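Note that the structure is a prediction, hence the values are computed from the model and not measured. Computed over heavy atoms, backbone and side chain alike; hydrogens, waters and symmetry mates excluded. The first residue in the sequence is number 1, and the count goes up from there.
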Amino acid sequence: MAALTSILLVDDDKDDQLLFTDAVNEIDPAIICAIAGNGLEALRLLEEKSPWLPSVVFLDLNMPHMGGMECLAAMKKVPDWASIPVVIFTTSNNIADREKSL
């Protein structure tokens, strides 16, 4: 397995962003953690930073403008991004939201 060098966190909650980046920094301060506030921002970031690619993407399910499932579908259409591992998460208590991510 390749070393984890960079993470793209896609989450609209500022508190969750801070908690996540603090945890990553405690694990390994050398890991770069880029942040996007929604799926559209994530796609723009991936386009702008090319050829940089994150080692993994953590993707919130429910966000404004473009949610996690739509972002994932768009990422999988781009050959350079299709193989990036993606972890989808949600804090929703809605059963339908949890089933979407399966």
Side-chain angles (χ1 to χ4, degrees):
M1 178 180 203
L4 182 64
T5 59
S6 61
I7 295 171
L8 173 56
L9 171 65
V10 188
D11 191 339
D12 61 318
D13 187 293
K14 298 288 186 194
D15 290 335
D16 289 347
Q17 292 173 2
L18 182 60
L19 181 66
F20 187 93
T21 55
D22 284 350
V24 168
N25 193 43
E26 279 193 39
I27 293 167
D28 186 348
I31 297 173
I32 297 165
C33 193
I35 297 174
N38 61 59
L40 288 176
E41 286 182 20
L43 297 176
R44 274 191 233 120
L45 183 66
L46 289 168
E47 287 173 359
E48 291 171 5
K49 298 282 188 180
S50 183
W52 169 85
L53 292 176
S55 303
V56 62
V57 174
F58 286 84
L59 189 56
D60 188 8
L61 185 63
N62 295 313
M63 297 175 287
H65 308 295
M66 178 185 277
M69 294 307 286
E70 295 86 4
C71 182
L72 178 62
M75 286 179 62
K76 295 303 177 183
K77 291 179 183 176
V78 178
D80 287 343
W81 306 343
S83 63
I84 301 172
V86 176
V87 176
I88 295 181
F89 63 93
T90 186
T91 57
S92 172
N93 290 327
N94 186 332
I95 297 297
D97 285 341
R98 293 183 184 273
E99 290 173 351
K100 277 193 259 183
S101 62
L102 297 175

### Query
Is there side-chain contact between Leu61 and Leu59, with heavy atoms separated by less than 4.5 Å?
no
### Task
Taking all non-hydrogen atoms of both residues into account, name the closest pair between Pro54 and Leu46 and its distance.
CD-CD2, 3.6 Å
### For Val10 against Ala42, the heavy-atom pair lying closest together
CG2-CB, 3.6 Å
Extract all donor-acceptor atom pairs below 3.5 Å that involve side chains of residues 17-37 and protein atoms in other chains or at least two apart in sequence.
unit_1, atom_1, unit_2, atom_2, d
Gln17, NE2, Asp11, O, 2.5
Thr21, OG1, Gln17, O, 3.0
Thr21, OG1, Leu18, O, 3.1
Asp28, OD1, Ala30, N, 2.9

### Query
How far does CG of Asn38 sit from CG of Asp60, to the nearest 0.5 angstrom?
10.5 Å
### Task
Can you sort out the partners of Val56 under side-chain contact (heavy atoms from CB on, under 4.5 Å), two or more places apart, ordered by chain and number?
Leu4, Ile7, Phe58, Pro85, Val87
### Message
Just to verify, what does Ser6 make a side-chain hydrogen bond (donor to acceptor under 3.5 Å, both in side chains) with, not counting sequence neighbours?
### Response
none
Exercise answer: donor-acceptor pairs, residues 63-74 side-chain atoms, under 3.5 Å, sequence neighbours excluded:
unit_1, atom_1, unit_2, atom_2, d
Glu70, OE1, Gly67, N, 3.2

### Task
Could you note down all residue pairs passing side-chain hydrogen bond (donor to acceptor under 3.5 Å, both in side chains) where residues 73-89 supplies at least one of them, sequence neighbours left out?
none
